[in-house]
Amino acid sequence: MREIAFIKQNKQKWLDFEEAIFGKSKKNPDEMASLYIHLVNDLSYAQTYYPKSKTVVYLNYLASQIYQKIYKTKREEKNRLIYFFKTEAPLLVYQYRRYVLYAFVLFFASVSIGVVSAKYDENFVRLILGDGYVNMTMENIKDGNPVAVYKSGSNWGGFIGITLNNLYVGVRCFIYGIFAGIGTFWVLIENSIMLGSFQYFFYKEGVFGKSIRGIWLHGSMEIFGMVIEAASGFILGASLLFPRTFSRLNSFKIGFKDGLKIFLSTVPFTIAAGFIEGFVTRYAIEMPHWMNFIIIFGTLSIISFYFLIYPSIVHKKINS
């Protein structure tokens, strides 16, 4: 069967599914389960005969929404917070995994731009970071501790201030997606170029290793979280640009809700990164090398597993 005939044959049924999912009328769990079975059959057929079609994406989205509706009552009986981080957020990350990929590609490209710019333009780092910060860092390098800036202030004051600032950056990454994703694009590029030029600056001054031991104690979670937050902003922007079969308003509502949930899933990691920066990073140079790398690779492994591997595990478990 041609795809256009397949769509024409099932279009009304899928519209009824949309009404059952997003409309005001409520169906009991048995009716929703029946809808889910029909939809999964259509999805399997589409995946077999039209694997690269947008129809597959559309049906996969409807199936995931019906699944969540079916288990809504069961979910409310459990700890809602546990369910959110254990199942709901990972499923959304899997569903929107291509936006996570886009965010990482843009991140690495922008970091590379920052490195190259700092290498070939001596004034670039000062332009990006400011004379005051560069001069202070130069003094710290002369004193033997290039990341001494993290020792300023109290533990709790640093933790709270840093965490609030990182949450602010994350909110901007997400909410600026409302400008067709351009705002998110700018925030991610700006911060990534800054990171690239910052790290090259330390490399040029011969203290790259010490900077890694300090900055990435908290940076593994902080930077990774920022990329995921940017992905949530791209989801919001795409919901406005590409509404698919939905009205633009309904598409925006879905994109906002899903993007917000993905953003919220990064919050514990942002808080953890702030805690490490406030309480641990100040001792980065003094602590043994092995402890530096256990913290760096440990935090990176945890957040990488949660956002890159665990979503596939949850998806396969639900669809098995």
Side-chain angles (χ1 to χ4, degrees), residues 3 7 14 21 39-40 42-44 46-68 85 87-112 170 172-189 191-192 223-246 248 250-266 269 303-319:
E3 183 179 5
I7 294 173
W14 298 340
I21 299 169
L39 201 54
V40 168
D42 289 343
L43 175 59
S44 299
Q47 287 175 326
T48 302
Y49 295 101
Y50 327 112
K52 297 183 179 180
S53 169
K54 290 183 178 179
T55 303
V56 173
V57 177
Y58 169 68
L59 293 177
N60 189 54
Y61 177 77
L62 287 184
S64 66
Q65 294 300 311
I66 288 182
Y67 179 87
Q68 291 184 40
F85 286 104
T87 304
E88 188 174 4
L91 280 177
L92 287 171
V93 172
Y94 181 85
Q95 178 184 330
Y96 292 104
R97 59 194 180 280
R98 58 181 174 145
Y99 293 99
V100 174
L101 174 62
Y102 299 156
F104 270 106
V105 169
L106 180 59
F107 167 72
F108 285 116
S110 301
V111 168
S112 299
R172 288 174 62 212
C173 279
F174 167 58
I175 209 67
Y176 282 11
I178 200 170
F179 302 110
I182 296 174
T184 299
F185 184 85
W186 174 255
V187 173
L188 182 58
I189 284 182
N191 283 276
S192 302
I223 301 302
F224 200 115
M226 181 187 69
V227 177
I228 300 299
E229 290 155 358
S232 71
F234 291 145
I235 292 167
L236 181 58
S239 70
L240 290 169
L241 292 174
F242 312 108
R244 295 171 296 183
T245 60
F246 302 105
R248 201 168 297 276
N250 283 335
S251 177
F252 171 73
K253 289 178 179 178
I254 294 168
F256 183 88
K257 180 186 69 174
D258 292 347
L260 178 62
K261 288 179 179 179
I262 291 175
F263 161 71
L264 291 175
S265 70
T266 68
F269 297 101
I303 195 169
S304 297
F305 174 79
Y306 185 77
F307 286 108
L308 300 183
I309 300 173
Y310 184 61
S312 295
I313 295 174
V314 176
H315 175 77
K316 289 178 181 178
K317 182 178 180 181
I318 287 176
N319 289 279

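The first residue in the sequence is number 1, and the count goes up from there. These numbers come from the heavy atoms of this one structure, side chains and all, not from hydrogens, waters or symmetry mates.
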| Would you call V93 and Y310 a side-chain contact if the rule is heavy atoms closer than 4.5 Å? | no
| remark: One should read off an interatomic distance between L106 CG and L101 CG, to the nearest 0.5 angstrom, of 11.0 Å
| message | Measuring from atom CZ of F179 to atom CG of L240, what distance do you get when rounded to the nearest 0.5 angstrom? | response | 11.0 Å
| task | Check whether any side-chain N or O of N60 sits under 3.5 Å from a backbone N or O of V56 as a donor-acceptor pair, and report yes or no. | result | no
| said: Please verify the inter-ring angle class for F256 with F174; under 30° counts as parallel, over 60° as perpendicular, anything in between as tilted. | reply: tilted
| query | For the atom pair CD1 (I262) and CD (E88), what is the distance rounded to the nearest 0.5 Å? | reply | 10.5 Å
| field | Non-hydrogen side-chain atoms of F234 and F185 separated by less than 4.5 Å | value | yes
| Do T266 side-chain atoms and F263 backbone N/O form a donor-acceptor pair below 3.5 Å? | yes
| message | I need the L236 CG to L241 CG distance, nearest 0.5 Å. | response | 10.0 Å
| task | Can you sort out the partners of F269 under ring-ring contact (aromatic ring centres under 6.0 Å, His included), two or more places apart, ordered by chain and number? | result | Y306, F307
| Taking side chain as C-beta onward, heavy atoms only, is L308 less than 4.5 Å from F104? | yes
| query | Which heavy atom of P90 sits nearest a heavy atom of P311, and at what distance? | reply | O-CB, 3.2 Å
| Does OH in Y61 sit with more than 12 non-hydrogen atoms of other residues, nucleotides or ligands closer than 6.0 Å? | yes
| field | Min side-chain heavy-atom separation F107-I189 under 4.5 Å | value | no
| said: Do N250 and K253 make a side-chain contact, defined as non-hydrogen atoms from C-beta onward lying under 4.5 Å apart? | reply: yes
| field | For S251 against P243, the heavy-atom pair lying closest together | value | OG-CA, 3.3 Å
| Looking at OG of S232 and OH of Y99, how far apart are the two atoms once the value is rounded to the nearest 0.5 Å? | 12.5 Å
| query | Out of curiosity, D42 CG to Y58 OH, how far, rounded to the nearest 0.5 Å? | reply | 10.5 Å
| query | Counting heavy atoms not belonging to F305, are there more than 12 under 6.0 Å from its CZ? | reply | yes
| Residues forming a side chain to side chain donor-acceptor pair (under 3.5 Å) with T55, sequence neighbours excluded | E3, S53
| request: Compare all side-chain heavy atoms of V187 with those of E229 and state whether any distance is below 4.5 angstrom. | output: no
| note | Partner of V100 under side-chain contact (heavy atoms from CB on, under 4.5 Å), picked from I228, I235, V227, is I228
| Can you list the residues that meet the side chain to side chain donor-acceptor pair (under 3.5 Å) rule with Y102, with sequence neighbours excluded? | none
| Is M226 close to S192 at the side-chain level, that is, under 4.5 Å between some pair of heavy atoms? | yes
